[in-house]
Amino acid sequence: MDSVTLRIVTFPESAVPHDLRAQVLALQNQAWPTDEAAEAGPIHDPGLEPLSMLLLDGGRVLAALDILSKEITHEGHRYAASGLSTVVTDKALRGKGYGRQLVEAARETIAASGADLGIFTCDVELRAFYERAGWDVLEGTVLIGGTREAPFPSDQFEKVTLACFFSSRAREHAESFVGSRIELYPGEIDKLW
């Protein structure tokens, strides 16, 4: 595909046009198959201000992801944090750089949003992919998802935590995030982002 026709579009998750949303759901079903019929509506907690980013070739969705955001407290400091969720590329197009292009754009979008940091987990085998897209691995760091009453820690899975520190305050305290347990608590819908 000619890169001249590629473009990235961004919408609040609830405002993604129906035809594009249907394509995103089909891509998600490729990556995470389910027997349940996918609904075309939002899948994330609206309190996390979900922002959908799509890489398009004309009207075709090649890759998609969502950015979720909330304030967190870590070692007595409050931070505006965002993370990536539901990152997916069309199976037939993987390995062509489309996913990396979108993940790099998401990192830039988070940086421009005023967030102090971007932080999320991924499967161990995807570590190098995210590192190539500009994210840093936080060795030994665990994100605690779910809620305070029902915690959902990332170390129960084969996950690594990735981050970028954007604000001067976040960069100043970046080392405090390495090897620590970070209370993300995004809720019951998005247990981890």
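Hydrogens, waters and symmetry mates are skipped; everything else that's a heavy atom, side chains included, is used.
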Would you tell me whether R78 and T73 have side-chain atoms, one donor and one acceptor, within less than 3.5 Å of each other?
yes
Short N-O contact, R21 and E13, less than 4.0 angstrom
yes
Any residue meeting ring pair (Phe, Tyr, Trp, His ring centres under 6.0 Å) with F152, in chain and number order, not counting sequence neighbours
F157
Decide yes or no for D90 and V61: does some side-chain heavy atom of the first lie under 4.5 Å from some side-chain heavy atom of the second?
no
Quick one, F177 with Y79, criterion ring pair (Phe, Tyr, Trp, His ring centres under 6.0 Å). Give me CA distance, side-chain angles, the key distance, then yes/no.
CA-CA 12 Å; F177 286 83; Y79 300 95; 5.3 Å; yes
Measure the spacing between CD1 of I144 and NZ of K191 and express it to the nearest 0.5 Å.
15.0 Å
Would you check, one step at a time, whether the test side chain to side chain contact (heavy atoms under 4.5 Å, CB included) holds for I72 with I182?
CA-CA 8 Å; I72 63 169; I182 299 168; 4.0 Å; yes
To the closest 0.5 Å, what do you measure between CH2 (W32) and CG (L27)?
9.0 Å
Between the CG atom in L55 and the CG atom in L62, the distance rounded to the nearest 0.5 Å is 5.0 Å
If I take atom CG from residue D66 and atom CG from residue L51, how far apart are they, to the nearest 0.5 angstrom?
8.0 Å
Yes or no on side chain to side chain contact (heavy atoms under 4.5 Å, CB included) for V137 and E131, after CA distance, side-chain angles and deciding distance?
CA-CA 7 Å; V137 172; E131 287 178 305; 3.5 Å; yes
For E75 and H173, run side chain to side chain contact (heavy atoms under 4.5 Å, CB included): C-alpha distance rounded to whole Å, both residues' side-chain angles, the deciding distance at 0.1 Å, then the answer.
CA-CA 9 Å; E75 294 194 357; H173 297 345; over 6 Å; no
With a 4.5 Å heavy-atom cut-off, do V103 and V87 have their side chains touching?
yes
Can you name the ring pair (Phe, Tyr, Trp, His ring centres under 6.0 Å) partners of F166, sequence neighbours left out?
none
Measure the OG1-CD1 distance between T109 and I8 for me, rounded to the nearest 0.5 Å.
7.5 Å
With sequence neighbours left out, write down each residue that passes ring pair (Phe, Tyr, Trp, His ring centres under 6.0 Å) with H44, or none if nothing qualifies.
none
For T161, all residues meeting side chain to side chain donor-acceptor pair (under 3.5 Å), sequence neighbours excluded
none
Closest heavy-atom pair, T89 versus A63, reported as atoms and distance to 0.1 Å, is OG1-CB, 3.6 Å
Specify the closest pair of heavy atoms between S82 and W193, including all atoms of both residues, with the distance to one decimal.
C-CZ2, 3.9 Å
Residues S176 and H74: closest non-hydrogen pair is O-NE2, 2.9 Å
Check C164 against G134 and note the closest heavy-atom contact, atom names and distance.
SG-O, 3.2 Å
Write out all pairs satisfying ring pair (Phe, Tyr, Trp, His ring centres under 6.0 Å) with one or both partners inside residues 48-73, taking only residues at least two apart or from two chains.
none
Smallest heavy-atom separation, Y185 atom then G145 atom, equals CD2-O, 3.5 Å
Using the rule that two of Ile, Leu, Val, Met, Phe, Trp, Tyr join whenever any of their side-chain heavy atoms come within less than 4.5 Å, decide whether I67 and L20 are in one cluster.
no
Would you say the side chain of L56 lies within less than 4.5 Å of the side chain of L6, judging by non-hydrogen atoms?
no
Salt-bridge contact R7-D57 (side-chain N to carboxylate O under 4.0 Å)
no
Run the side chain to side chain contact (heavy atoms under 4.5 Å, CB included) check on L138 and L162 step by step: do they pass?
CA-CA 6 Å; L138 300 180; L162 296 113; over 6 Å; no
salt_bridge(R148, E183) N-O dist < 4.0 Å
yes
Looking only at heavy atoms, what is the nearest atom pair of R100 and A133, with distance?
CG-CB, 3.8 Å
Under 3.5 Å, which donor-acceptor pairs link side chains of residues 115-128 to any protein atom two or more places apart or in another chain?
residue	atom	partner	partner atom	Å
D116	OD1	S167	OG	2.8
D116	OD2	A80	N	2.7
D116	OD2	R169	NH2	3.4
D123	OD1	K159	NZ	2.8
R127	NH1	E139	OE2	3.2
R127	NH2	E139	OE2	2.6

Any donor and acceptor pair, going by atom type alone, linking the side chain of Q23 with main-chain N or O of G59 inside 3.5 Å?
yes
For the atom pair CG (D45) and CD1 (I189), what is the distance rounded to the nearest 0.5 Å?
4.5 Å
